[in-house]
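Reading through the structure tokens given below for one structure.
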Amino acid sequence: MQFPSRLKKGDTILLVSLSSPLPENQPVETIAAEVEKLGFRVKIGNSCRSSTPAGYAAAPAKVRAADLNGGFIDPAIDAIWCTRGGSTSWQILSLLDYSAIAAHPKPFIGFSDVTTLHLAIQQRCGFVTFHGPTANRTLDRADDSFSWQSLWSALEMGRCLNVVNPPGEEIRTLRPGRACGRLTGGNLSLVTTSLGTPWQINAKDCILYLEDVGEDVYALEEMLWQLKAAGVPGSAAGLVFGAFTGCRNAYRAEYGPEELLRDFFADWKKPVLYNVRSAHCSPMVTLPLGTLCEIDGGRGEMTLRCPC
């Protein structure tokens, strides 16, 4: 697994909308101005200024795919940053030029619906991508310095990076033990959706990371059972769970995501960590997916090592 070139101040970042459109109160020009304040040059992709009849995709699939393909091929672009998540990134998977993308590895940043693209790029192209904040979050940067420090630490990581949660947020142990493997995963709903497709997640001997937002607890359990039936968690070396923001149980409020995970993996023989804050939460930790990951369930520790 290759680590892309480190991003430097003065480099050019391409903003792309590969999923849902930006809301009216978050114009792409305002986001671009905030990214420039971070010390980068900015190019705005055509996907950020288009629309579709349905309204829930930022642009037609061909436009979004062309932005991503072109961004990797263009030597003037140093990194690609998704403006937001949402839905519909799966529509562009068959339109991507994976050979060309693999030949031009660059930092690719985003989370949530971007999970679909993280999985495809890692499996087809073989380089590290970044499960980190989308560019629209720069609008709240003044109130969230932790997220941006975590992002830069991941983009600039040396041989080793210790995953550190925001102050006051403990990484908790659900199952003890130690494990090591390549880090993969992302949003639980999107990982589950990948099953049975050409882009199905491959978690064999990996550390599998999962998080979600706004799902009922019973729906989380259904997805976990589906993954289990497909052999995904069983093939992994260890499991790490993020925050499950807004995931509630209407039947018994005190039985939330953590209680579900403790019960679901009660007899698990591999280490399981919980509450790594790389998820739909603020502040947010950035995880370089594809790096070698070591987890210690006894100490609640997670360490990443550069594959280069």
Side-chain angles (χ1 to χ4, degrees), residues 3-51 58-59 63-64 67-68 70-86 89 104-114 117-118 128-158 161 163-169 243 245 277-289:
F3 199 94
S5 299
R6 271 68 175 176
L7 195 62
K8 308 180 300 297
K9 295 297 178 70
D11 282 349
T12 298
I13 295 176
L14 174 66
L15 297 180
V16 291
S17 293
L18 305 178
S19 300
S20 295
L22 288 163
E24 291 184 1
N25 65 346
Q26 293 183 344
V28 67
E29 291 79 11
T30 303
I31 295 171
E34 290 299 315
V35 176
E36 288 175 344
K37 289 178 184 178
L38 295 171
F40 300 102
R41 297 184 176 90
V42 176
K43 182 177 179 180
I44 298 174
N46 294 328
S47 58
C48 299
R49 292 182 168 134
S50 187
S51 62
V63 174
R64 288 178 281 144
D67 262 2
L68 194 55
F72 278 106
I73 295 169
D74 188 347
I77 300 297
D78 300 294
I80 301 169
W81 201 352
C82 298
T83 58
R84 65 160 294 183
S89 65
H104 303 88
K106 299 174 183 181
F108 175 70
I109 310 164
F111 79 113
S112 191
D113 193 54
V114 184
L117 299 167
H118 285 309
V128 169
T129 60
F130 298 88
H131 187 267
T134 45
N136 62 340
R137 291 197 172 193
T138 57
L139 301 176
D140 302 318
R141 180 169 53 89
D143 300 322
D144 186 9
S145 60
F146 177 93
S147 295
W148 307 109
Q149 183 55 55
S150 180
L151 175 60
W152 309 138
S153 295
L155 290 168
E156 300 171 352
M157 75 172 284
L161 177 67
V163 175
V164 178
N165 259 1
E169 292 288 353
T245 304
R277 309 290 288 183
S278 183
H280 292 77
C281 56
S282 182
M284 177 182 180
V285 174
T286 294
L287 296 176
L289 298 171

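The minimum heavy-atom distance linking A279 with F111 is given by the pair O-CE1, 3.5 Å. Counting all heavy atoms, side chain and backbone alike, G85 lies closest to S19 at O-CB, 3.3 Å. The two residues S278 and V285 have their closest heavy-atom pair at OG-O, 2.8 Å. Between P288 and A154, the shortest heavy-atom distance links the atoms CG-CB, 3.9 Å. Between F146 and P167 the shortest heavy-atom distance is CD1-CD, 4.2 Å. Nearest heavy-atom pair across G158 and R6 is O-NH2, 4.0 Å.
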Between F72 and I77, does the side-chain contact (heavy atoms from CB on, under 4.5 Å) criterion hold? Intermediate values first, please. CA-CA 7 Å; F72 278 106; I77 300 297; over 6 Å; no
Full working for side-chain contact (heavy atoms from CB on, under 4.5 Å) between I109 and L155: CA-CA 10 Å; I109 310 164; L155 290 168; 4.2 Å; yes
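Taking the six-membered ring where the residue is Trp, F40 and W152 present tilted rings, their angle falling between 30° and 60°. Between F108 and H118, the ring planes are perpendicular. Angles over 60° get that label, and only those under 30° would be called parallel.
A side-chain donor-acceptor contact under 3.5 Å links R64 to the backbone of L18. Put simply, the side chain of R84 gets close to the backbone of P21: a donor and an acceptor are under 3.5 Å apart. A donor-acceptor distance shorter than 3.5 angstrom exists from the side chain of S147 to the backbone of M284, with no hydrogens or angles considered. Between the side chain of K43 and the main chain of G71, no donor-acceptor pair closer than 3.5 Å is present. Checked by atom type and distance alone, the side chain of W81 never pairs as donor or acceptor with a backbone atom of P107 at under 3.5 Å. With hydrogens and angles ignored, the 3.5 Å screen pairs a side-chain donor or acceptor of T138 with a backbone N or O of A135. When atom types are taken as modelled, the side chain of K9 and the backbone of L38 share a donor-acceptor pair closer than 3.5 angstrom. Proximity of a side-chain donor or acceptor of R41 to a complementary backbone N or O of G10 within less than 3.5 Å is detected.
Between the CZ atom in R137 and the CG atom in L151 there is a gap of 11.5 Å [rounded to 0.5 Å]. To the nearest 0.5 Å, atom CD1 of residue I80 and atom OG1 of residue T12 are 12.0 Å apart. In this structure, CG in N165 is found 8.0 Å from SG in C281, a value given to the nearest 0.5 Å. Note: I31 CD1 to I44 CD1 = 9.0 Å, rounded to the nearest 0.5 Å. Separating the CG atom in D67 from the SG atom in C48 is a distance of 6.5 Å, to the nearest 0.5 Å. Atoms OG and CG, from S150 and L161 in turn, are 7.5 Å apart once rounded to the nearest 0.5 Å.
Shown here are the side-chain contact (heavy atoms from CB on, under 4.5 Å) partners of S112, two or more places apart in sequence or in another chain: H280. Residues satisfying the side-chain contact (heavy atoms from CB on, under 4.5 Å) test with S50, not counting sequence neighbours, are A59, P60. Residues passing the salt bridge (charged side-chain N to carboxylate O under 4.0 Å, His left out) test with D78: none are found, sequence neighbours excluded.
N136 pairs with exactly one of L15, T30, L22 by the side-chain contact (heavy atoms from CB on, under 4.5 Å) rule, that one being L22.
Between E29 and R49 there is a salt bridge, with a side-chain nitrogen of the basic residue lying less than 4.0 Å from a carboxylate oxygen of the acidic one.
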